[in-house]
Amino acid sequence: MNLASDNVVGMSRPVLDALIAANGGGEPAYGADSWTAKAEKMLADVFEHEVSAFLIATGTGANALALAALTPPWGAVFCHEESHVIDDECGAPEMFTDGAKLVGIRGSGGKFTVAALEETLERYVPGVVKSVQPAAMSVSQVTEAGTLYSLDEIRTLTGVAKAHKLGTHLDGARFANAMVALGCTAAEMTWKSGIDVVSFGATKNGALACEAVIFFDKARAENFQYRRKRSGHTVSKGRLLGAQMVGYLENGHWIDNARHANAMAATLASGLGAVPGVRLPWPTQANEIFAVVPEGVAAALAAEGIRAAPWGSLSLPEGFVIGAGERFLRFVTSFATEAAQIERVVAVAKAATTRTAAE
Ligand SMILES: *Cc1c(COP(=O)(O)O)cnc(C)c1O
């Protein structure tokens with residue numbers, strides 16, 4: 001059982017079916033096909049807005065190219081210090097922006113506050129030649145700690161960003177999980193809350209390799225097609241990306257998948273949270289559970305073939321200390337997670353603490 005991430009599973013059936021349906025016959029290449037056109041139309045419907053949408057096979061590509069559209073090479077992009085764009089993309093944002101600076105902001109639970117953003121902005125002064133020029137803000141939703149920004153928090157952050165003339169980006173690798181958890185619409189979580197550009201993830205929630213960069217303002221998307229091509233991210237058999245997005249969005253499948261993953265996560269969080277000695281540093285708000293567990297529990301899970309990801313974080317709440325006999329683990333649920341698997345994880349953890357207590 002592998003709960004280390006939500007990209008350890010394959011595709012969900014309706015996405016695979018769409019891919020198979022798109023496999024026969026001939027279609028124009030490089031995204032000029034009917035599947036991609038349908039995907040673009042569906043994305044416009046989902047966001048209740050005209051969009052310029054660009055399908056891309058990886059989240060790193062989507063983020064890096066989206067940021068490149070928002071900043072000049074001498075610009076600064078403000079984001080959480082543990083954001084995916086800083087920690088997990090091998091310098092792709094720096095490369096595709098031709099060297100813009102990613103400025104990390106500290107904050108508990110994977111989120112930064114308006115106060116922290118404002119304090120950081122004071123150090124980057126527009127027009128001062130020694131300073132990189134404030135250009136963009138990027139927030140992750142779901143965050144890297146599995147938490148969520150409320151709509152109010154997004155609006156407040158983008159309000160400050162706009163006042164400083166920053167473009168705003170939302171890294172939505174887990175967009176559906178966040179939207180479903182907040183019980184809001186895609187429009188409310190993005191353009192209605194001041195977001196200019198979205199990396200809309202589908203891969204982790206059911207696709208094989210498909211994300212979309214979404215612009216709400218056509219002017220910002222000008223030249224994006226060249227950016228995507230010169231970075232090697234324009235897929236020649238583009239219909240196979242289009243088909244994944246169609247299968248993902250059709251009949252609300254993406255929402256069903258996210259609801260299921262989130263529900264599994266909530267069950268796991270309450271089950272694990274009730275095991276003596278297990279501590280959760282943050283609430284589980286979407287499909288990721290972060291748990292500090294006694295060493296014996298971590299060992300028992302591993303011995304049972306249950307995989308979680310060993311974690312580390314700079315954004316633990318103040319005063320939250322991980323002891324020498326403890327392990328910090330991340331569990332991620334997905335559309336494919338089964339209730340019986342969650343029960344087993346909790347049972348193994350419980351049994352391990354009971355054993356330890358008896359020794
Ligand atoms: C998974 C993830 C991505 C995309 O990663 P790729 O592996 O490049 O597809 C982007 N942002 C966040 C927060 C993620 O968790």
Side-chain angles (χ1 to χ4, degrees), residues 2-11 15 54-68 70 77-96 102 104-105 107 109-112 136-149 154 168-179 181 189-190 195 197-214 228 231-233 235 241 244-245 248 254 257-258 261-262 265 282 284-290 308-309 311-315 330-335:
N2 192 337
L3 296 173
S5 187
D6 37 6
N7 60 7
V8 301
V9 293
M11 311 168 72
V15 184
F54 298 85
L55 301 183
I56 263 183
T58 73
T60 295
N63 281 343
L65 295 172
L67 293 180
L70 292 179
V77 177
F78 301 95
C79 50
H80 191 272
E81 67 175 342
E82 292 183 300
S83 60
H84 202 271
V85 289
I86 288 188
D87 275 355
D88 301 303
E89 301 190 352
C90 198
E94 290 90 334
M95 180 167 82
F96 289 122
L102 301 187
I105 304 175
K111 294 162 62 172
F112 58 87
M137 177 187 77
S138 176
V139 292
S140 301
Q141 178 82 324
V142 178
T143 73
E144 284 74 8
T147 55
L148 295 172
Y149 289 99
I154 297 177
T168 54
H169 169 249
L170 186 139
D171 175 357
R174 297 188 175 89
F175 190 98
N177 303 92
M179 189 187 86
M189 204 165 81
T190 58
I195 297 291
V197 186
V198 180
S199 298
F200 180 79
T203 303
K204 284 174 172 151
N205 191 39
L208 164 64
C210 189
E211 321 272 312
V213 177
I214 311 274
R228 183 176 59 171
S231 69
H233 273 290
V235 171
L241 288 187
Q244 289 179 65
M245 191 57 82
Y248 181 69
W254 61 303
N257 276 1
N262 288 3
W282 312 291
T284 292
Q285 294 185 297
N287 66 323
E288 295 173 87
I289 301 98
F290 292 80
W311 214 252
S313 179
L314 301 172
S315 66
R330 182 185 77 161
F331 300 82
V332 189
T333 56
S334 73
F335 66 90

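Residue indices begin at 1 and follow the sequence shown. Whatever order the structure lists ligands and atoms in, that order sets their numbers, starting from 1.
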Note the single closest protein heavy atom to atom 13 (C) of ligand 1, along with its residue, its atom name and the distance in Å.
E144 OE2, 3.3 Å
For atom 9 (O) of ligand 1, the protein heavy atom that lies nearest, with its residue and separation
G59 N, 2.9 Å
Does the plane of the ring in W254 sit parallel, tilted or perpendicular to the ring in Y248? Use 30° and 60° as the thresholds.
tilted
Answer yes or no for N63: is there a heavy-atom contact with ligand 1 below 4.0 Å?
yes
Would you find a donor on one side and an acceptor on the other, under 3.5 Å apart, between the side chain of E288 and the backbone of R330?
no
Going by atom types alone, do E144 and H84 pair a side-chain donor with an acceptor below 3.5 Å?
no
With a heavy-atom distance limit of 4.0 Å, tell me whether D171 approaches ligand 1 through its side chain, its backbone, both, or neither.
side chain
Using a strict 4.0 Å cut-off to heavy atoms of A173, name the atoms of ligand 1 that fall inside it.
2 (C), 3 (C), 10 (C), 11 (N), 12 (C), 14 (C)
Protein contact to atom 1 (C) of ligand 1 [nearest heavy atom, distance to 0.1 Å]
K204 NZ, 1.3 Å
Among protein heavy atoms, which sits nearest to atom 8 (O) of ligand 1, and what does the distance come to when rounded to 0.1 Å?
T60 OG1, 2.5 Å
Any non-hydrogen atom of R174 lying under 4.0 Å from ligand 1?
yes
Option with minimal heavy-atom separation from atom 10 (C) of ligand 1, where the choices are E288, E82, H84
H84
Have N257 and N205 got a donor and an acceptor in their side chains that come within less than 3.5 Å?
no
Is there a donor-acceptor contact under 3.5 Å from the side chain of N262 to the main chain of N177?
yes
Between T60 and T58, do the side chains contain a donor N or O and an acceptor N or O under 3.5 Å apart?
no
Under a 3.5 Å threshold, yes or no: a donor from one side chain and an acceptor from the other, between S199 and E211?
no
